[in-house]
Amino acid sequence: MRLLLVEDDTELSRQMRLVLEDAGYSVDCSFDGEDALFLGENESYDVIILDLGLPIMDGLSVLKKWRDQKIAVPVLILTARDGWSDKVAGLDVGADDYVTKPFQVEEILARVRALIRRAAGQASPELCCGAVSLNTNTSRVAVNGMPIKLTAQEYKLLSYMMHHPEKVISRTELTEHIYDQDFDRDSNTIEVFVTRIRRKLNVNVIKTVRGLGYQLINE
Ligand code: CA
């Protein structure tokens, strides 16, 4: 899963990025409204975390422009402590949730998980496909209850697929949702990750759909 973090406080952004990456997300950071608007319009994100007070263009204007263009990505806004009117305005413009500053990062993580689940139509934090289970709260993967150790990139790929069962997912879509902007994509091809995941899981849940991509199947 790939997130866009829009926060102009560079120290707060740095800390949040570390925590989010630690939790298994690929993170792009943006520090002003204009840049954020561009990235939201041109890149594929699973959640956008959007501070409202931003240089060049404020967060509410950015959000409104995305929604006017039918960009439906879940957006979590960050608001000031006494900013109840910001919360109302943000939700009315199309935000999906909000967190009030100052916050505990655990709250951000929990809300991001919930937004990703909801967008994928998943109610439970435990995603299952046949013998394979993936717990989005703990980032644990198991086959028939036995824990499986995946690398961060392997987990990102499997997590994206487990959130979208039965859907045929192209390599391009997987690439867009598991790497951040700065990642060296050439040396880390999707095919290599899929092969490794299949070997580790040792059950046939990832099907290759010729010419189209991959599909998670429950056999
Ligand atoms: Ca700010």
Side-chain angles (χ1 to χ4, degrees), residues 1-120 125 136-137 139 152 156 159-160 163 175-185:
M1 296 293 169
R2 182 178 174 201
L3 312 184
L4 174 62
L5 171 61
V6 189
E7 167 59 67
D8 58 314
D9 178 334
T10 50
E11 180 54 25
L12 180 60
S13 171
R14 194 187 63 82
Q15 290 171 7
M16 288 176 72
R17 180 182 197 158
L18 288 176
V19 173
L20 289 163
E21 286 182 341
D22 218 37
Y25 300 108
S26 296
V27 183
D28 290 344
C29 290
S30 182
F31 303 93
D32 70 68
E34 195 175 58
D35 179 61
L37 177 66
F38 177 82
L39 287 174
E41 286 172 348
N42 293 285
E43 298 289 331
S44 301
Y45 296 107
D46 296 289
V47 168
I48 295 177
I49 301 171
L50 178 68
D51 184 33
L52 291 186
L54 293 170
I56 305 178
M57 187 188 294
D58 69 88
L60 278 179
S61 304
V62 174
L63 179 55
K64 182 160 188 327
K65 283 184 187 287
W66 285 333
R67 294 315 190 212
D68 285 347
Q69 295 173 67
K70 309 280 182 252
I71 294 168
V73 54
V75 173
L76 172 66
I77 55 172
L78 307 178
T79 66
R81 185 175 9 201
D82 49 3
W84 68 266
S85 56
D86 282 348
K87 287 170 202 159
V88 173
L91 292 168
D92 279 348
V93 164
D96 298 272
D97 202 354
Y98 63 83
V99 170
T100 305
K101 288 181 171 181
F103 49 76
Q104 299 292 322
V105 283
E106 286 75 14
E107 185 178 357
I108 300 276
L109 290 175
R111 290 183 187 277
V112 166
R113 286 194 295 267
L115 286 173
I116 289 173
R117 278 206 308 272
R118 217 178 298 153
T136 55
N137 292 348
S139 304
K156 284 176 195 176
S159 175
Y160 188 78
H163 276 86
T175 302
E176 284 171 355
H177 287 270
I178 72 171
Y179 300 128
D180 62 54
Q181 274 189 312
D182 306 330
F183 202 85
D184 175 16
R185 300 178 181 191

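Remember, it's 1-based here, ligands and their atoms both numbered in the order they're listed. Residues take their numbers from the sequence shown, with the count starting at 1.
Between Asp97 and Arg111 there is a salt bridge, with a side-chain nitrogen of the basic residue lying less than 4.0 Å from a carboxylate oxygen of the acidic one.
Taking backbone and side chain together, Asp51 holds an N, O or S atom under 3.0 Å from the Ca ion (ligand 1). Taking backbone and side chain together, Gly53 holds an N, O or S atom under 3.0 Å from the Ca ion (ligand 1). Checking Asp8 against the Ca ion (ligand 1), an N/O/S atom falls under the 3.0 Å cut-off.
Between Asp180 and Tyr25, the side chains place no donor N or O within less than 3.5 Å of an acceptor N or O (distance only, hydrogens not considered). Checking Lys101 against Thr79 by side-chain atom types alone, no donor-acceptor pair falls below 3.5 Å.
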*Would Asp96 and Arg117 satisfy salt bridge (charged side-chain N to carboxylate O under 4.0 Å, His left out), going step by step from the backbone distance to the final call?*
CA-CA 13 Å; Asp96 298 272; Arg117 278 206 308 272; over 6 Å; no

